[in-house]
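Please see the structure below; I have some questions.
Values below: every heavy atom of this structure, side chains too, minus hydrogens, waters and symmetry copies.
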Amino acid sequence: MGLNTANADYALYKYLYDFKLLDASGINAGYLAAEQIAWFLGLDFMQFRMLFSAVGLGLITLFIRRYSTCPNIVLALYAFLPFMYDVVQFKFFLAASIAIYSLRFLIDKPKFYGLKYGIGLYIATLIHPASFLFIVFVVGLLDERNAFRVSLIAAAFVLIAVYSGLAQHISSFLLDSVKQGAYMTELGRFGWIPYFVSGVGGVALSYFSSSRRHCTELSRLDSAPLRFRRYFESAKYAYLPLLAMLPLSVQNFYRPIRCGNLLILIFLSSFVFDGSDFSSGFPRTEIKAIGILFSAWLVFTQIILYKGVIDIVLVTELTNNFLWS
């Protein structure tokens with residue numbers, strides 16, 4: 001990520017960085033603060049990306065290693081699923097990594113966990129405002145039934161707001177004209193449907209992988225994965241209101257889903273690959289079936305994510321990198 005020398009957003013952000021432009025559209029206070037740190041240290045643009053790539057990937061790695069029972073598998077899957085897009089959408093990646101890492105306060109519930117999570121999410125929002133959408137993951141604090149109800153009501157409200165024009169009207173008070181044009185474009189007809197199917201598929205797989213288990217079956221596990229499992233039993237429904245936003249702009253509102261898929265990877269990989277614990281009580285044939293469906297979901301999500309942007313994203317990134325060129 002830090003050694004990439006060309007991608008769809010690289011030239012623009014390099015220009016803004018090199019000329020130290022402070023008020024360009026898309027340069028938010030948090031991202032500007034990161035740039036100012038790099039300017040103070042005398043770093044060029046590539047060194048700036050290297051430094052904050054290490055910060056973002058470090059936070060992601062720490063989160064995975066804390067809550068996954070098979071972290072190496074999750075890291076490998078992460079490299080295939082959202083990573084290549086994270087290289088391009090670097091600013092949102094950095095914000096999302098902070099927002100995701102901050103979820104540990106909701107999972108572990110230390111003292112003042114609400115305040116700590118709020119501070120982490122605020123910092124992420126200062127870097128990229130769309131990362132505020134990670135606020136939906138607070139439903140993980142509810143029990144599973146209430147989390148489903150709240151998420152379903154929120155999703156229904158979002159759909160009504162989207163198709164009634166209310167969301168576009170409200171956005172005029174919250175976003176500048178450039179951002180409103182990007183986020184509140186005309187409703188797409190069918191392009192959002194594959195992404196919606198992928199999102200619902202991930203939620204459904206998580207549901208069928210957990211509906212017949214009880215926390216007592218996992219008592220011998222390390223406490224961090226156990227807490228994550230309890231949290232995600234409810235938090236999986238947080239994707240529903242995010243999915244309801246897709247008709248507005250797939251490019252923008254799929255971002256938190258794409259990065260948030262990391263939670264699904266942690267949960268399902270533990271179920272499929274750590275059968276002695278996470279799939280306790282399930283017949284072996286059912287575990288294999290869920291494993292096959294999990295693989296199919298990964299392939300399908302890969303296809304819809306990179307279809308049409310192979311040259312723009314994958315080829316450009318892989319052929320313009322100091323790591324091997």
Evaluate the criterion side chain to side chain contact (heavy atoms under 4.5 Å, CB included) for residue pair Leu43 and Phe52; output intermediate values, then yes/no. CA-CA 12 Å; Leu43 305 181; Phe52 285 98; over 6 Å; no
Under 30°, 30 to 60°, or over 60°: which ring-plane class applies to Phe137 and Tyr239, parallel, tilted or perpendicular?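 Geometry flag for Tyr239 against Phe137: perpendicular rings.
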Determine whether Asn261 and Trp297 satisfy the following criterion, side chain to side chain contact (heavy atoms under 4.5 Å, CB included), listing intermediate values before the conclusion. CA-CA 11 Å; Asn261 278 342; Trp297 176 78; 4.1 Å; yes
Can you classify the ring geometry of Tyr15 versus Phe19 as parallel (below 30°), tilted (30 to 60°) or perpendicular (above 60°)?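 The arrangement is tilted - the two ring planes meet at 30° to 60°.
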Closest contact, heavy atoms only, Pro225 versus Thr69: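 Closest heavy-atom pair between Pro225 and Thr69: CB-CG2, 3.9 Å.
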Distance (rounded to the nearest 0.5 Å) between Gln251 CD and Gln89 CD: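 Spacing of CD (Gln251) from CD (Gln89) equals 7.0 Å.
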Start with the C-alpha gap between His128 and Arg255, add the side-chain angles, then the distance that decides, and say whether side chain to side chain contact (heavy atoms under 4.5 Å, CB included) holds. CA-CA 11 Å; His128 198 298; Arg255 292 180 185 185; 2.8 Å; yes
For side chain to side chain contact (heavy atoms under 4.5 Å, CB included), just list the numbers for Val158 and Ile160, CA-CA rounded to whole Å, side-chain angles, deciding distance to a tenth of an Å, and then say yes or no. CA-CA 5 Å; Val158 169; Ile160 293 172; over 6 Å; no
Asn146 and Asp143: which non-hydrogen atoms are nearest, and at how many Å?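 That would be ND2-OD2, 2.7 Å.
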Would you compute the distance between atom CG of Leu12 and atom CG of Asn7 and round it to the nearest 0.5 angstrom?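 With rounding to 0.5 Å, CG (Leu12) is 10.5 Å from CG (Asn7).
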Under 6.0 Å from the ring centre and within 45 degrees of the ring axis: does the NZ or CZ of Arg49 meet both conditions for the six-membered ring of Phe90?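 Ring-cation test returns yes.
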Does the side chain of Ile27 come within less than 4.5 Å of Glu35's, by heavy atoms?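 In short, these two side chains touch, coming nearer than 4.5 Å.
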Option from Phe134, Tyr85, Tyr78, Phe93 for which side-chain contact (heavy atoms from CB on, under 4.5 Å) with Cys259 holds: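 Passing option: Phe134.
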With a 6.0 Å cut-off (strictly less than), is the heavy-atom count around CZ of Phe112, excluding the residue itself, greater than 12?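 No, because the 6.0 Å sphere around CZ of Phe112 holds 12 heavy atoms or fewer from other groups.
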Identify whether Leu103 and Val55 are in the same connected component of the hydrophobic contact network (ILVMFWY, side-chain heavy atoms under 4.5 Å).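 Yes, Leu103 connects to Val55 through the hydrophobic network.
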Heavy atoms, side chains only, cut-off 4.5 Å: are Lys116 and Ser102 in contact?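 No, side chains not in contact.
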State, yes or no, whether a side-chain contact exists between Ile60 and Tyr101 at a heavy-atom distance under 4.5 Å.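 No; the side chains remain at least 4.5 Å from each other.
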Are Asn28 and Ile127 close enough that some pair of their side-chain heavy atoms sits under 4.5 Å apart?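 No; the side chains remain at least 4.5 Å from each other.
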Check whether any side-chain heavy atom of Leu263 lies under 4.5 Å from a side-chain heavy atom of Phe63, and answer yes or no.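 Yes, their side chains come closer than 4.5 Å.
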Trp192 and Phe253: ring pair (Phe, Tyr, Trp, His ring centres under 6.0 Å), yes or no, with the steps? CA-CA 10 Å; Trp192 57 273; Phe253 290 112; over 10 Å; no
Which is it for Asp108 and Arg66 under the salt bridge (Lys or Arg N to Asp or Glu O under 4.0 Å) test, yes or no, and what are the steps along the way? CA-CA 11 Å; Asp108 294 341; Arg66 180 172 181 80; 2.9 Å; yes
Please determine whether ring pair (Phe, Tyr, Trp, His ring centres under 6.0 Å) holds for the pair Phe45 and Tyr13, giving the CA-CA distance in whole Å, both sets of side-chain angles, and the decisive distance to 0.1 Å. CA-CA 9 Å; Phe45 183 66; Tyr13 282 98; 7.7 Å; no
Nearest heavy-atom neighbours spanning Pro256 and Leu133: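 Residues Pro256 and Leu133, closest heavy atoms: CG-CD1, 3.9 Å.
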Qualifying residue, where the test is side-chain contact (heavy atoms from CB on, under 4.5 Å) with Tyr195 and the options are Ile257, Leu243, Thr301, Leu246: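 Looking at Ile257, Leu243, Thr301, Leu246, the match for Tyr195 under the side-chain contact (heavy atoms from CB on, under 4.5 Å) is Leu246.
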Partner of Ser209 by side-chain contact (heavy atoms from CB on, under 4.5 Å), out of Leu268, Val272, Leu293: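 Of Leu268, Val272, Leu293, side-chain contact (heavy atoms from CB on, under 4.5 Å) with Ser209 is met by Leu268 alone.
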Are Phe232 and Ile266 packed together at the side-chain level, in the sense that at least one heavy-atom pair is separated by less than 4.5 angstrom?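 SC-SC contact between Phe232 and Ile266 ruled out.
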Side-chain contact test, heavy atoms from C-beta onward, threshold under 4.5 Å: evaluate it for Lys91 versus Asp9 and give yes or no.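 No, side chains not in contact.
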Shortest non-hydrogen contact from Pro194 toward Ile304: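 Minimum heavy-atom contact is O-CD1, 3.6 Å.
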Heavy atoms only: give me the nearest Ser151-Pro241 pair and the separation to one decimal.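 Closest heavy-atom pair between Ser151 and Pro241: O-CD, 3.8 Å.
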Any salt bridge linking Asp86 with Arg258? Criterion: basic side-chain nitrogen under 4.0 Å from a carboxylate oxygen.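 Yes.
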Might you point out which heavy atoms bring Phe92 and Ser131 nearest each other, and give the distance in Å?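 Closest approach of Phe92 to Ser131, heavy atoms only: CE1-N, 3.8 Å.
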Are Leu106 and Tyr122 connected in a single hydrophobic cluster, I mean Ile/Leu/Val/Met/Phe/Trp/Tyr linked by side-chain heavy atoms less than 4.5 Å apart?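 No, Tyr122 and Leu106 fall in different hydrophobic clusters.
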Could you tell me how the ring of Phe228 sits relative to the ring of Phe267: parallel (under 30°), tilted (30 to 60°) or perpendicular (over 60°)?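 Tilted.
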